[in-house]
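Structure first, commentary second.
Proteins come first, then strands; the chains are lettered A, B, ... in the order of their sequence lines, and each starts at number 1.
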There are 2 protein chains.
Amino acid sequence: MFFHFRDRYPQLNVFWEKYQPFLRRMELPAKKVLLEEGKRSQQYIMIEEGCVRAFFNSNGEEKTVQFFFEKQGLSSIDSFLNNVPSPFAIETIEPSVVSLLHKKYVIQLMDEMGQDPQSMKMLLQMAARRQQHYINELMSFVRDTPEQRYSNLLKDRPHIIQRVPQHYIASYLGVSAVHLSRIKAKLAKGNPHF
Amino acid sequence: MFFHFRDRYPQLNVFWEKYQPFLRRMELPAKKVLLEEGKRSQQYIMIEEGCVRAFFNSNGEEKTVQFFFEKQGLSSIDSFLNNVPSPFAIETIEPSVVSLLHKKYVIQLMDEMGQDPQSMKMLLQMAARRQQHYINELMSFVRDTPEQRYSNLLKDRPHIIQRVPQHYIASYLGVSAVHLSRIKAKLAKGNPHF
DNA sequence: GCCGGGCGATAACATATGTTATCAAACTGC
DNA sequence: GCAGTTTGATAACATATGTTATCGCCCGGC
């Protein structure tokens with residue numbers, strides 16, 4: 001689903017730089033929808049400042065799938081390559097600045113990479129890593145209790161807990177907001193000074 | 001994690017056929033381990049007959065991640081490309097016949113594909129689809145109750161329920177074997193003739 | 001300064017799920 | 001065919017989690 005062209009694979013920046021002129025920079029308020037659930041994704045989204053989330057609707061309730069922050073890029077690669085509707089929506093959490101790159105340039109960019117087997121391999125590696133990310137999330141759901149998942153989040157990605165409203169985190173962890181509150185209370189009892 | 005070279009992408013069979021001579025065919029009893037958790041994957045596994053599962057150990061309990069049947073191929077693509085230990089084990093469920101292709105041939109095969117941008121694109125599409133598969137699994141965990149997940153399984157992949165012992169299915173659904181029994185009893189009450 | 005909304009904590013109760021134990025049926029190796 | 005193992009059902013009890021409602025706090029608009 002999501003590809004990160006920058007950061008992890010600086011060797012690919014040479015491709016990315018070339019498309020800088022086609023970026024559309026936008027300043028957005030909080031809770032601004034960037035992609036609606038069920039629509040076909042048309043833009044690669046690069047976050048310059050702020051943060052966004054991917055979520056979907058489940059009988060009236062919003063379930064958050066993932067959070068993204070500055071310097072991260074995202075797009076529904078499946079929607080791009082296979083032209084299928086996006087199974088989730090994307091919206092800003094904080095007021096944010098993003099740069100959009102239209103789908104056609106992304107495909108063009110990937111075609112250029114296709115000329116170079118080395119870059120293409122890197123794309124595949126990225127794909128394998130992304131796949132592994134979701135497998136890890138899945139394994140965490142099967143293996144860990146919500147309390148453990150919260151502890152892991154606190155340990156590995158505390159910035160999420162600091163910046164994101166708690167009910168989004170609750171739905172990301174797969175529990176109700178009330179129960180997340182209980183979890184925090186329980187953990188606080190164990191570690192009084194936090 | 002898992003790549004299917006055959007079936008879904010018959011255009012790629014031309015590559016696959018070429019490596020037929022290097023396949024090692026094996027007949028295996030049930031519960032035979034093909035890959036241990038934590039080891040680096042060395043073989044692409046093609047299932048000719050029978051079925052296998054991928055699982056991992058979570059404080060003494062085995063949690064099943066996925067099931068595979070005849071004509072499906074699997075391997076830890078992440079373990080291949082990035083040479084990292086496999087986060088789960090693979091073992092047969094039924095007595096099975098499998099063909100193994102050593103990692104070095106798989107990499108060779110992928111290099112050959114790399115010469116052909118069209119095939120490479122197909123590999124990326126496969127990757128995108130596989131990624132989507134795990135995202136769907138993840139979304140199902142967040143969205144659905146165990147009862148709904150069981151119903152979905154019954155509707156979409158009944159062969160799994162027919163062939164696989166129930167406690168494996170329970171761990172795949174993320175519930176205890178006892179509770180899966182309750183779920184079945186409850187559903188049977190609603191549909192007496194099943 | 002006031003007001004309303006969003007956010008988070010907590011309580012009380014209902015439901016879902018885990019755990020342990022027991023039993024019966026089906027299958028396995030010999 | 002027999003003994004042991006695997007599988008699946010069920011009961012009883014403990015725990016985890018959801019739901020609804022209420023309260024207080026903070027913050028932004030005016």
Side-chain angles (χ1 to χ4, degrees), chain A residues 29-32 51 53 55 58-64 67 91-95 140-151 153-154 160-192 194, chain B residues 27-32 50-51 53 55 58-64 67 91-96 140-151 153-154 160-192 194:
Chain A
K31 299 204 178 192
K32 176 77 179 176
C51 65
R53 69 189 182 110
F55 67 98
S58 161
N59 9 336
E61 262 188 293
E62 291 184 353
K63 306 285 190 173
T64 300
F67 302 103
E91 74 171 22
T92 56
I93 294 174
E94 306 171 354
S140 170
F141 261 95
V142 178
R143 183 198 324 115
D144 304 329
T145 64
E147 183 176 328
Q148 287 172 308
R149 283 209 301 287
Y150 180 78
S151 295
L153 199 63
L154 196 55
I160 291 183
I161 291 171
Q162 283 156 18
R163 288 176 64 174
V164 174
Q166 191 162 311
H167 58 283
Y168 293 156
I169 295 178
S171 81
Y172 170 71
L173 294 175
V175 299
S176 66
V178 173
H179 191 61
L180 178 52
S181 219
R182 275 196 289 247
I183 288 172
K184 287 178 72 170
K186 189 178 166 194
L187 289 177
K189 195 171 281 179
N191 298 352
F194 282 124
Chain B
E27 303 198 7
L28 302 169
K31 299 204 177 193
K32 176 77 180 176
C51 64
R53 68 189 182 112
F55 66 98
S58 161
N59 11 335
E61 261 187 293
E62 291 184 353
K63 307 284 190 173
T64 300
F67 302 103
E91 76 171 23
T92 57
I93 294 175
E94 305 171 353
S96 305
S140 170
F141 262 94
V142 178
R143 185 201 319 117
D144 303 330
T145 65
E147 185 177 326
Q148 287 172 308
R149 283 209 300 287
Y150 179 78
S151 294
L153 199 62
L154 196 54
I160 291 183
I161 290 172
Q162 283 155 19
R163 288 176 64 174
V164 173
Q166 192 161 310
H167 58 283
Y168 294 155
I169 295 178
S171 81
Y172 170 71
L173 294 175
V175 299
S176 67
V178 174
H179 192 61
L180 177 53
S181 220
R182 275 196 286 248
I183 288 172
K184 287 177 71 171
K186 188 178 167 195
L187 289 178
K189 194 171 283 181
N191 298 350
F194 281 125

Can you confirm whether [X] sits close enough to [Y] that some side-chain heavy atom of one is under 4.5 Å from a side-chain heavy atom of the other?
X        : Y        : value
B/Gln166 : B/Leu180 : yes
A/Ser181 : A/Lys184 : no
A/Ile93  : A/Phe67  : yes

Practice task
For atom NZ of B/Lys32, decide whether the heavy atoms of other residues, nucleotides or ligands shown that lie under 6.0 angstrom number more than 12.
Solution key: no
Practice task
Count the heavy atoms belonging to other residues, nucleotides or ligands that lie under 6.0 Å from CD of B/Gln148, then report whether that count exceeds 12.
Solution key: yes
Problem - side chain to side chain contact (heavy atoms under 4.5 Å, CB included) assessment of B/Leu153 paired with B/Tyr172 - result: CA-CA 11 Å; B/Leu153 199 62; B/Tyr172 170 71; 4.0 Å; yes
Rounded to the nearest Å, what distance is computed from the [atom1] atom of residue [X] to the [atom2] atom of nucleotide [N]?
X        : N      : atom1 : atom2 : answer
A/Glu61  : D/dT17 : CD    : P     : 16 Å
B/Glu94  : C/dA26 : CD    : C1'   : 16 Å
B/Tyr150 : C/dA16 : OH    : P     : 18 Å
A/Leu173 : D/dA16 : CG    : P     : 17 Å
B/Ile161 : D/dG8  : CD1   : P     : 12 Å
B/Ile183 : C/dG18 : CD1   : C1'   : 12 Å

Exercise for the section: Could you check A/Lys31 against A/Glu91 for salt bridge (charged side-chain N to carboxylate O under 4.0 Å, His left out), going step by step and ending with a plain yes or no? Expected result: CA-CA 6 Å; A/Lys31 299 204 178 192; A/Glu91 74 171 22; over 6 Å; no
Fill in the blank from the handout: Per-nucleotide protein contact along nucleotides 25-30 of chain D, 5' to 3', at a 4.0 Å heavy-atom cut-off (B base, S sugar-phosphate only, - neither), is ------
Handout entry: Main-chain N/O of B/Asp144 paired with A/Ser58 side-chain donor or acceptor, under 3.5 Å
Key = no
Problem - Test item: A/Ser171 side-chain N/O and A/Thr64 main-chain N/O as donor-acceptor pair under 3.5 Å - result: yes
Practice task
Could you tell me the separation between the CZ atom of A/Phe141 and the CG atom of A/Leu173, rounded to the nearest 0.5 Å?
Solution key: 7.0 Å
Fill in the blank from the handout: Value for CG (B/Leu28) from CD (B/Glu94), rounded to nearest 0.5 Å, stands at 12.5 Å
Are any protein N/O atoms closer than 3.5 Å to N/O atoms in nucleotides 5-15 of chain C? If there are, list each pair with its distance.
{"from": "C/dG8", "atom 1": "OP1", "to": "A/Gln166", "atom 2": "N", "distance (Å)": "3.2"}
{"from": "C/dG8", "atom 1": "OP2", "to": "A/Gln166", "atom 2": "N", "distance (Å)": "2.8"}
{"from": "C/dA9", "atom 1": "OP2", "to": "A/Gln166", "atom 2": "OE1", "distance (Å)": "3.4"}
{"from": "C/dA9", "atom 1": "OP2", "to": "A/Gln166", "atom 2": "NE2", "distance (Å)": "2.7"}
{"from": "C/dA9", "atom 1": "OP2", "to": "A/Ser181", "atom 2": "OG", "distance (Å)": "2.6"}
{"from": "C/dA9", "atom 1": "O5'", "to": "A/Ser181", "atom 2": "OG", "distance (Å)": "3.2"}
{"from": "C/dA12", "atom 1": "N6", "to": "A/Arg182", "atom 2": "NH1", "distance (Å)": "3.4"}

Exercise for the section: Compute the bend angle of the helix from C/dG1-D/dC30 to C/dC30-D/dG1 from the end axes (five pairs per end), rounded to 10°. Expected result: 60°
